[in-house]
Amino acid sequence: MGISLDGLRDKNLMQLKKLNIALFPVRYNDKYYADALSSGEFTKLAYYSDICVGAIACRLERKEGGSIRVYIMTLGVLAPYRGLGIGTKLLNHVLDMSAKQNISEIYLHVQTNNDEAIAFYKKFGFEITETIENYYTNISPPDCYVVSKLLPVSAAKK
C-alpha cells in the first residue's frame, strides 16, 4: 500500500475540514483554511490507498528582518492509520521544503498533555522552547508548549 501526498486546493478543502473535525478538539476558522491554501507546498493531504487519512497544514510567517518561518498549524493522522509512517512523511515533506527554501525556523503549539505529539516532534529534533498558559479556550488543560526546530541556513541564496 502506498502513501501519497497531494496539495490542498479548493476542490479538496472539505477533506481537510473533515479530518480536522475527526482529529482535533479545536474548531478552525476561515483564516486557518485561507492560510493553509496560501501556503502552497507547505500544506499536504496524505492518502493511504486512495483514502484521505492525514494532513499537515502550515502558515508561512514573515519575521522582522524579512526572513520566513513556518508555523505548523496542524499535523494529524487518523488513529487506525498511525504507525505507518504517514505523519513522518508529512513532516519530512515540510522539513525538506523548508530546507530548499532556506527557511531557518519551524514551530508549532502542542497541548501540554499531548505526550504522543511531543515525543513525535522530539524524534525530528524539535525542542520545547516555551510554555504558554491558557493558550487554548474550551479544552483542558488550556496550556501549550511552543515546540520549535532551527534549520541550518546556507549563506548563499540558491
Side-chain angles (χ1 to χ4, degrees), residues 3-21 23-47 52 54-77 86-114 116-139 141-158:
I3 301 164
S4 59
L5 302 185
D6 191 19
L8 187 68
R9 298 177 290 283
D10 284 329
K11 73 179 178 89
N12 62 12
L13 192 63
M14 193 48 75
Q15 296 272 23
L16 181 60
K17 289 184 178 182
K18 286 178 182 167
L19 274 175
N20 285 346
I21 289 165
L23 289 167
F24 303 113
V26 179
R27 290 295 155 258
Y28 294 97
N29 59 20
D30 290 342
K31 184 181 182 328
Y32 165 98
Y33 293 102
D35 287 342
L37 281 165
S38 67
S39 77
E41 283 291 308
F42 287 89
T43 294
K44 289 286 183 185
L45 299 174
Y47 291 85
C52 187
I56 189 164
C58 299
R59 178 173 72 224
L60 303 181
E61 300 178 344
R62 190 169 296 281
K63 296 191 335 189
E64 281 183 37
S67 64
I68 302 281
R69 69 179 180 174
V70 174
Y71 175 62
I72 299 175
M73 299 188 293
T74 53
L75 167 58
V77 175
I86 297 167
T88 295
K89 186 167 181 141
L90 287 163
L91 184 56
N92 277 332
H93 172 78
V94 167
L95 292 171
D96 291 347
M97 289 300 303
S98 298
K100 282 184 185 138
Q101 297 195 25
N102 239 14
I103 290 169
S104 64
E105 184 186 358
I106 302 176
Y107 80 107
L108 62 142
H109 295 101
V110 178
Q111 200 173 4
T112 53
N113 67 339
N114 192 341
E116 196 181 348
I118 294 161
F120 175 78
Y121 287 106
K122 282 186 170 176
K123 279 194 312 199
F124 293 88
F126 283 76
E127 293 174 6
I128 294 172
T129 53
E130 189 184 347
T131 303
I132 302 174
E133 292 183 3
N134 299 312
Y135 177 79
Y136 297 107
T137 53
N138 305 324
I139 60 172
D143 307 336
C144 80
Y145 294 127
V146 177
V147 181
S148 30
K149 179 179 175 75
L150 296 176
L151 300 172
V153 175
S154 61
K157 290 273 186 225
K158 291 186 177 66

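Considering every non-hydrogen atom in both C58 and M73, the closest pair reads O-CE, 3.6 Å. Residues P141 and T112 approach most closely at CG-OG1, 3.6 Å, considering heavy atoms. When all heavy atoms of D143 and E133 are compared, the closest pair comes out as OD1-CA, 3.3 Å. When all heavy atoms are compared, the tightest approach of C52 to Q15 is CB-OE1, 3.5 Å. Nearest heavy-atom pair, L45 versus A55, reported as atom, atom and distance to 0.1 Å: CD2-CB, 3.8 Å. Taking all atoms of both residues into account, the shortest heavy-atom contact from S39 to L60 is O-CD1, 4.3 Å.
Side-chain contact check for D35 and Y71: no donor-acceptor pair (N or O, by modelled atom type) lies under 3.5 Å.
Considering only residues two or more places apart in sequence or on other chains, R9 meets the salt bridge (Lys or Arg N to Asp or Glu O under 4.0 Å) condition with D6.
For residues 59-70, the pairs satisfying side chain to side chain donor-acceptor pair (under 3.5 Å) are R59-E61, E61-R69, E61-Y107, K63-E105, R69-Y107, with sequence neighbours left out.
Applying the 6.0 Å contact sphere to CG of D30 captures no more than 12 heavy atoms from other residues, nucleotides or ligands. Within a 6.0 Å radius of CG in N29, more than 12 heavy atoms belonging to other residues, nucleotides or ligands are found.
Under the 3.5 Å distance criterion, the side-chain polar atoms of K89 are matched with a main-chain donor or acceptor of I3. At distances below 3.5 Å, not a single donor-acceptor pair connects side-chain atoms of S98 with backbone N or O atoms of I103. In this structure a side-chain-to-backbone donor-acceptor pair under 3.5 Å is present from N12 to G7.
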